[in-house]
Protein chains: 2
Amino acid sequence: MRADGVDEAMIAALRAFGRFYTRQIGLLEEGLHRSAFSLTEARVLYELAHRDRPTASVLGQDLGLDAGYLSRLLKRFEEQGLLTRRTAAEDGRRQVLALTQAGQAAFAPLDEASRAEVGALLARLPSADRAALVGAMARVRRLLGDPPEGPAILRDLRPGDIGWITHRQGLLYASEYGFDLTFEALVAEILAAFVRDFDPARAGAWIAEQGGEVVGSVFLAPACAGAGPAPETVGKLRLLYVEPSARGQGLGRRLTAACIEGARARGYRQLSLWTNDVLGTARRIYAEAGFRLVESAPHRSFGQDLVGETWMLDL
Amino acid sequence: MRADGVDEAMIAALRAFGRFYTRQIGLLEEGLHRSAFSLTEARVLYELAHRDRPTASVLGQDLGLDAGYLSRLLKRFEEQGLLTRRTAAEDGRRQVLALTQAGQAAFAPLDEASRAEVGALLARLPSADRAALVGAMARVRRLLGDPPEGPAILRDLRPGDIGWITHRQGLLYASEYGFDLTFEALVAEILAAFVRDFDPARAGAWIAEQGGEVVGSVFLAPACAGAGPAPETVGKLRLLYVEPSARGQGLGRRLTAACIEGARARGYRQLSLWTNDVLGTARRIYAEAGFRLVESAPHRSFGQDLVGETWMLDL
DNA sequence: CCGAGATAGTTGACTCGGTCAATAGTTGAC
DNA sequence: GTCAACTATTGACCGAGTCAACTATCTCGG
């Protein structure tokens, strides 16, 4: 363990992955070898086919290619009739690139071969492993700072979700606030009860997914009997969470809004939630959404001294 | 969805990862660019430093390098005094390669730079994300068929484990046997209760970890009160599971043995377990370990018609 | 023990992917 | 109008990697 909390074993694991994947890319390149294009050419073709009116400079930037090399490469494509280059109307320096019919026809088999190869790889895996692989890759990308392609979508609960959410919350609160195993157990228990007692007329789940990976969630459940006045009119917002690396795009707000909306739709008159004072970001979101703090009491849980808070919102 | 159950979105996700990581390796190469060595040379040096008496051919094989190219590269290293080549005693064709002192001295700064770079990358991440990244990378490697470096080790429960195990079991049984969400909820409930009521004198957890990733687990808990005769003398083996991709190395047997051993050490006289007849591999392991089937009853759970089985072992 | 065939490594000839630096044209800020 | 910054091009260059032919050694069947 180093001073900054980075473990040597972690470093070794990342480097091992790098070595592994470098080799993997070498193998991948062999697949292309039979075609008329090199890996770099194939990458350029891919970008040309998928981007909207790209210019040479953004291509070079994004693929990490030398401008001179790229220029020649594009010239060759043009000579082969795969590509047209027109100077951009709004900037005479730039050229708008576009594949011709022939270019698309040349790219299609490459694209298809790649898709088939990847498909065959996936088909070899048991189906539970397929989802795991896709999720793991999405996670690696996001954690290494690759911006996700699309916006986050909110979807319903699926197998694997409640375990995943338990896992992430357990890890997150353990490392950020020092919570012990009992916190994770509490999350597991809440989610188990949520599924066990699930009634779509009274409860709901919103899972935020981005690029094939779960990046946040929130749950709506009926308040426990005996908690507060007229419990059947009170809903409970539970387990709001957003992945650290997915923060800053307003996902917490979106999830909260969805939950409030869901509570209204199910006829609840009030929405309550329980949280801890250490969770600053979450508190801000609740306050913004109109919740008000109605109770605050110190408690010892999860191996920590905390101040529990109950918030309430009139719907 | 294609005929073989492979989803187009999955294929797209894998290809996106490939593009992303190809670019990532380009960036990595830039870091080396300042040093006297190319990426390939650095890879060869790394293997020379970490392998035991390698030969040129295995190096070429494992790194995917051309024999001719590698030969010249090694020759250059030898001329620079970084490397010695001796024909192997047992086979006159082969050469045993070894870095000289100078070779190790040349490699050390490279190695250190790489370690520092990776360390800096990790240090930028929140600590919960670090573990997630390492785990995700280990998973990608294992799922793509990279054999894990070391043997699996059995360790104790840590934050994140029970969620992870719930997640994997939920996904696994959903995809293999069509179990619905309630199965995952049951796992979550069992694990939550395990942690809540945890007493080291009566319960235990064995988590199999390999290359930074959880690949299996088993739990020992006291049998529920009222179940069978003299419940305090009966332990219960619960939630045995092994990742599909980690099967075939006797991990299930090892976990079962550890659990039995743990039950003996805690003074239990009998060990029971509940399973379903569809789980063939698990049943074989139980039978081999000496468990005998004592009860069998059909039930409808998890959206499926199943036959539940109780097995028992005298300790 | 011999010879066929495989394997480990070497070498020459070559290609191609990529770098570097100089240059020309274009744009926007002042 | 000038100048700095940017886009793209071109010539000169090189090192990484490929391919095929060749030597030396080992293995195995007869």
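Within every chain, numbering begins at 1; the chains are lettered A, B, ... in the order of the sequence lines, protein sequences first and strands thereafter.
- Side-chain atoms of A:Arg72 and base atoms of D:dG11 include a donor and an acceptor less than 3.5 Å apart.
- Residue contacts for A:Arg76: at a heavy-atom cut-off of 4.0 Å it reaches no nucleic acid atom on any strand shown.
- In this structure, A:Leu59 places its CG atom 13 Å from C1' of D:dA8, rounding to the nearest Å.
- Out of D:dT10, C:dT7, D:dA16, the shortest distance to the side chain of B:Tyr69 is found at D:dA16.
- For A:Asp66, whose side chain is taken as the heavy atoms from C-beta onward, the closest listed nucleotide among C:dA6, C:dG18, C:dT19 is C:dT19.
- Taking only distance into account, the side chain of A:Arg94 never meets the base of D:dT7 through a donor-acceptor pair shorter than 3.5 Å.
- Applying the salt bridge (charged side-chain N to carboxylate O under 4.0 Å, His left out) test between B:Asp129 and each of A:Arg168, A:Arg247, A:Arg139 identifies A:Arg168 as the sole match.
- Listed for the B:Arg23 side chain is a donor-acceptor partner under 3.5 Å among the backbone atoms of A:Asp62.
- Under the 30°/60° scheme for interplanar angles, the aromatic rings of A:Phe17 and A:Tyr21 are found to lie parallel.
- Nearest nucleotide to the A:Gln95 side chain, out of D:dA8, C:dT19, C:dT11: D:dA8.
- Across C:dT10, D:dT18, D:dT7, the shortest atom-to-atom separation from the side chain of A:Ser57 is found for D:dT7.
- Following rounding to the nearest Å, B:Gln61 (CD) and C:dA6 (C1') show an atom-to-atom distance of 14 Å.
- Across all strands shown, A:Ala56 has heavy atoms under 4.0 Å from sugar-phosphate atoms exclusively, and none from any base.
- As judged by a 4.0 angstrom heavy-atom cut-off over every strand, B:Asp91 is placed among residues touching the sugar-phosphate backbone only.
- Note on B:Ser71: every side-chain N or O is 4.0 Å or more away from OP1 and OP2 of C:dA8.
- Across all strands shown, C:dA29 pairs with D:dT2; the Watson-Crick or G-U wobble distances both stay below 3.5 Å.
- B:Leu73 places its CG atom 14 Å from the P atom of C:dG9, with the value rounded to the nearest Å.
- Residue A:Arg85 contributes atom CZ, which lies 9 Å from atom P of D:dA8 at whole-angstrom precision.
- The nucleotide D:dA12 finds its pairing partner in C:dT19, both defining distances of the Watson-Crick or G-U wobble pair being shorter than 3.5 Å.
- Considering B:Leu63, B:Leu110, B:Asp111 in turn, B:Asp111 is the only one that fulfils the side chain to side chain contact (heavy atoms under 4.5 Å, CB included) rule with B:Tyr46.
- Side-chain atoms of A:Ser114 and B:Arg15 include a donor-acceptor pair closer than 3.5 Å.
- Across D:dT10, D:dA24, C:dG17, the shortest atom-to-atom separation from the side chain of A:Ser38 is found for C:dG17.
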